[in-house]
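Comments concern the structure below.
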Amino acid sequence: MNYDYLIVGAGLYGAIFARELTDAGKKVLVIDKRDHVAGNIYTEEVEGINVHKYGAHIFHTNDKRAWEYVTKFADFNRYTNSPVANYKGELYSLPFNMYTFNKMWGVVTPEEAASKIEEQRKAAGITEPKNLEEQAISLVGTDIYEKLIKGYTQKQWGRPCTELPSFIIKRLPVRFTFDNNYFNALYQGIPMGGYTKMIENMLDGIEVKLGVDFLADRERLSSLATKIVYTGPVDAYFDYKLGTLEYRSVRFETEILDKPNFQGNAVVNYTDAETPYTRIIEHKFFEFGTQDKTVISREYSSEWKKGDEPYYPVNDDKNGALYQEYKKLADGETNVIFGGRLGEYKYYDMDAVVVRALDVVSKEI
Ligand code: UDP
């Protein structure tokens, strides 16, 4: 045994674990099957712009501990997410707020907006929402559901809104104020210099081996350390022996355009059902870029199949039940800690990953 811990996956969870264990005097090796660190928060510089290669990540939190932790490793800018929804050429503010209600219905006061929503909720006959569709209508009414939620959600998840859990839509605030901040968060921003730099700073002085696939060589790699922290998909760890958990994957079509401004905002969601992509990211606007060129990424959502990158766990009842079975197996692996979005099969935001990693690692130490 050469190491106290082998950390499988150099994403946010793995990097925090590695940093904290190292600072506590443990000997750590980090491996990742990709040829770079930072997992899905990896950013790569293109034309002087930090491009979010595996999808846009905006750090936001109400947890002071999470904020203080990440800001030890990077300075953050003051980016505040305010996506625009494009429904067949009509533009709406997100999240759902007084600008959205005014554009949708011409209402001017919060009372008018609230009574419009109440009227539509009553007409739909919803008392206790049982799925995402009912939850959405009861929060914002039928018109907003039809134009801004239904098409986007069905593209994003590949399932009708009636078959999706309501918690997904509760991620979005509904506000009766003129506030376009997508997140209810005290702290928000993007690390200056990119997320990759932030993770590199976390891993400073720690041994990292890239291009190493744990599952392909698990016996030898496991023999190197007393304990393992595994941040890959939990079902893959167990060779899918109970069946496959469902994930959504995303394909990105990234283009460099010879113009300074393509869409005037970092995020534009295409909320109709027909446009094949869910959103277009214009990366420079995450960091107030003034370059002559711009880089955009169209996001196409698809059902994950073996060989694809998993991005989103599908946290519905069926997968939740299967995950509980895998969790029992995972709990039986006494020298392995399963962590992160894939290891715990949970739609974690970055700040929740930070808090979780810090909690689990502090018990180890
Ligand atoms: N959503 C929507 N319309 C939008 C944006 C989001 O209906 O314009 C719904 C959709 O179901 C999505 C969920 O809200 O899956 C959560 O969106 P969020 O932006 O938090 O997703 P992420 O950025 O994690 O993909």
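Here the structure is a predicted model, which is why all the values come from computation and not from measurement. Counting convention: from 1, in listed order, for ligands and their atoms alike.
Within 4.0 Å of ligand 1, protein heavy atoms belong to Leu94, Leu148, Ile149, Tyr152, Thr153, Gln156, Trp157, Ile168, Ile169, Arg171, Leu172, Tyr182, Asn269, Thr271, Arg279, Tyr312, Tyr347, listed by chain and number.
For the pair Lys26 and Tyr5, the cation-pi criterion (under 6.0 Å, within 45° of the ring axis) is not fulfilled. Cation-pi geometry between Arg279 and Tyr300 is not met at under 6.0 angstrom from the ring centre and within 45 degrees of the axis.
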Start with the C-alpha gap between Tyr152 and Gln156, add the side-chain angles, then the distance that decides, and say whether side chain to side chain donor-acceptor pair (under 3.5 Å) holds.
CA-CA 6 Å; Tyr152 185 95; Gln156 166 71 14; 4.7 Å; no

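The OH atom of Tyr54 sits 3.5 Å away from the CZ atom of Arg34 when rounded to the nearest 0.5 Å.
There is a path of hydrophobic side-chain contacts, each under 4.5 Å, that joins Trp105 to Leu139.
Listed by chain and residue number, Ser249 satisfy the side chain to side chain contact (heavy atoms under 4.5 Å, CB included) test with Ser302 (two or more places apart in sequence, or in another chain).
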